[in-house]
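Have a look at the structure below before the remarks.
All ligand and atom numbering here is 1-based and tracks the order in the structure.
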Amino acid sequence: MKIYKANILFTPTPGKLKIIPNGYIVVKSNGLIEGVYEELPENLDWRRQVMDFGNKLLIPAFNDLHVHAPQYRNMGLALDLELLPWLNTYTFPEEAKFSDPDYARRMYRRFVHELWMQGTMRSAVFATIHPVSTRILADLFMQAGMGAYVGLVAMNRNSPENLENTTAEVIEGMRMLKQHLDEHCDDGLVQPIITPRFVPSCSDKMLRALGEFAKETGLPVQSHLSENRTEIDWVKELEPESTCYGDAYNRYGLFGQTPTLMAHCCYTDGEEMELMRKNGVYVVHCPMSNSNLSSGMAPIRKFLDAGIHVGLGTDVSAGHHMSMMRVMQYAIQVSKLNYAQTKGAMPFLSLSEVLYLATKGGGSFFGKVGSFEEGYEFDALLIDDTYLNYDNYSLEQRLERYIYLGDDRDIKRRFCRGVELPEPVFG
Ligand code: GUN
Ligand code: FE
């Protein structure tokens, strides 16, 4: 049992920020939250155990639902092209380097360290086609104590020869990764995820095999969907039988038959949107990436109104930063451009709505994660915003200013499933 005292802020629902000034959060030894209290119950045993964090802010940790670990070195570079030429010119050549496990270890250490730094305690991650490097990435997450879905990427068409695998190789690689994690990841925080890169990269045969593998194992799925207009037209050419881009995944059992993440959805509407709703497929909104690659503005308000699950992703390196706070800023700003574009028909997102998306919305993909309600896993960040809090700001204003003005240096402690995570030192 652990008891922490601080200014507690979280979002049980998108529209409402719950604030408990100088509140208490009681965490059981299994890492689950027993409850949050304004006043500690009359229990002397409890009173003796309180760890007092003073005037700091305690908020749920962030969850990044879409990020490419092997693109870490390209972060902040090479954003002068649209998606398809960007992949061919900058991204595929960098990912091909991960055939070398030493290079992979060097880059992946930095990547996992930075997730820790930014307060992202759970993530859904694309690796590359390389099984050895992908296992290294999974092991680094285990060492750091952070939660992750790690995907060996499947791609066997329209890609450079040195960055393609076969259907047999990807299924075998995923079986090995699953076995490795079943044997070595006792707490289940690191899990495999089936990862067809996107429809243009995967033949029908490959998609069918991955769908069957999902059905056999129950493993979740992640991919890209309706990111950019040229890409969508290309998918129509490649998959003329499919009624929409989403249907090209759905017909192979890769669209909500097991828990599924689809990044972007900038142009998702009509049939595709209805299919996502019906199948419980998550939209992963990556507004930083969508701005950088001139992809488009996803209609997140429409998705939320339709009851579709939504989370946020950095999509590094199409997104140029690992901070989920920056993604939250972009999510609000892009929603305001959408609001202007639709003459107010699409109301913009509020701060509490984007905080919800970055915490509980995305966290729900990992279980009871992203909130401080009873029974939730205690994933939390302790924030010292003293330097921003020089006047009479309310706790709500302090949070808003922290999200717009603060950064990782203000995060003083990080918790994942009840455990405080020290800075990972690898090697
Ligand atoms: N579509 C297929 N691969 C990628 C990728 O690496 N990044 C983004 N943003 N979109 C993709
Ligand atoms: Fe991506």
- [ ] Measure from the Fe ion (ligand 2) to each N, O or S atom of Cys286 and report whether any distance is below 2.8 Å.
- [x] no
- [ ] Run the contact test for Glu231 against ligand 1 with a 4.0 Å cut-off on heavy atoms, strictly below, and give the result.
- [x] no
Open item on the list: Any salt bridge linking Arg398 with Asp385? Criterion: basic side-chain nitrogen under 4.0 Å from a carboxylate oxygen.
Closed with: yes
TODO: Check all N, O or S atoms of Asp315 and name the one closest to the Fe ion (ligand 2).
DONE: OD1
Task: Element-labelled atoms of ligand 1 that are located less than 4.0 Å from some non-hydrogen atom of Leu87 - done: 2 (C), 3 (N), 4 (C), 5 (C), 6 (O)
TODO: Please work out whether the ring planes of His180 and His184 are parallel, tilted or perpendicular, with thresholds of 30° and 60°.
DONE: tilted
TODO: Taking both backbone and side-chain atoms into account, decide whether His68 has an N/O/S atom under 2.8 Å from the Fe ion (ligand 2).
DONE: yes
Task: Geometry at the Fe ion (ligand 2) - His224 NE2 versus His66 NE2 angle, rounded to 10 degrees - done: 90°
- [ ] Ignoring angles and geometry beyond distance, decide whether Asp315 reaches within less than 3.5 Å of ligand 1 through its nitrogen or oxygen atoms.
- [x] yes
Open item on the list: Please classify the Tyr90 to ligand 1 contact at 4.0 Å (heavy-atom distances, strictly less than): side chain, backbone, both or neither.
Closed with: neither
Task: Option nearest atom 5 (C) of ligand 1 (shortest heavy-atom distance, choices His68, Met155, Glu95, Glu94) - done: His68
Task: Proximity flag Phe126 to ligand 1, non-hydrogen atoms under 4.0 Å - done: no
TODO: Spell out, as yes or no, whether a donor-acceptor pair under 3.5 Å connects the side chain of Arg414 to the backbone of Met117.
DONE: yes
TODO: Please identify which atoms of ligand 1 are closer than 4.0 Å to at least one heavy atom of Ala318.
DONE: 9 (N)
Task: side-chain hydrogen bond (donor to acceptor under 3.5 Å, both in side chains) partners of Thr258, counting only residues at least two apart - done: none
- [ ] Anything under 30° is parallel, anything over 60° is perpendicular, the rest tilted; go ahead and classify Phe378 against Tyr4.
- [x] parallel
Open item on the list: Between Asp305 and Lys302, is the salt bridge (charged side-chain N to carboxylate O under 4.0 Å, His left out) condition met? List the steps.
Closed with: CA-CA 5 Å; Asp305 286 349; Lys302 264 170 83 170; over 6 Å; no
Task: Test of proximity, Arg197 against ligand 1: N or O pairs below 3.5 Å - done: yes
Open item on the list: For Met176, I'd like to know if atom CE has over 12 heavy atoms of other residues, nucleotides or ligands within 6.0 Å.
Closed with: no
Open item on the list: Return the closest protein heavy atom for atom 10 (N) of ligand 1 as residue, atom name and distance.
Closed with: Glu227 OE1, 2.8 Å
TODO: Look at the aromatic rings of Phe53 and Phe415 and report parallel, tilted or perpendicular, splitting at 30° and 60°.
DONE: tilted
TODO: Mind telling me whether His264 and His224 have parallel, tilted or perpendicular rings, with 30° and 60° as the class edges?
DONE: parallel
Task: Glu227 backbone or side-chain N/O/S under 2.8 Å from the Fe ion (ligand 2) - done: no
TODO: Please work out whether any backbone atom (N, CA, C, O) or any side-chain heavy atom from C-beta onward of His264 is under 4.0 Å from ligand 1, and answer side chain, backbone, both or neither.
DONE: side chain
Task: Cation-pi, Tyr393 ring and Arg401 (6.0 angstrom, 45 degrees) - done: yes
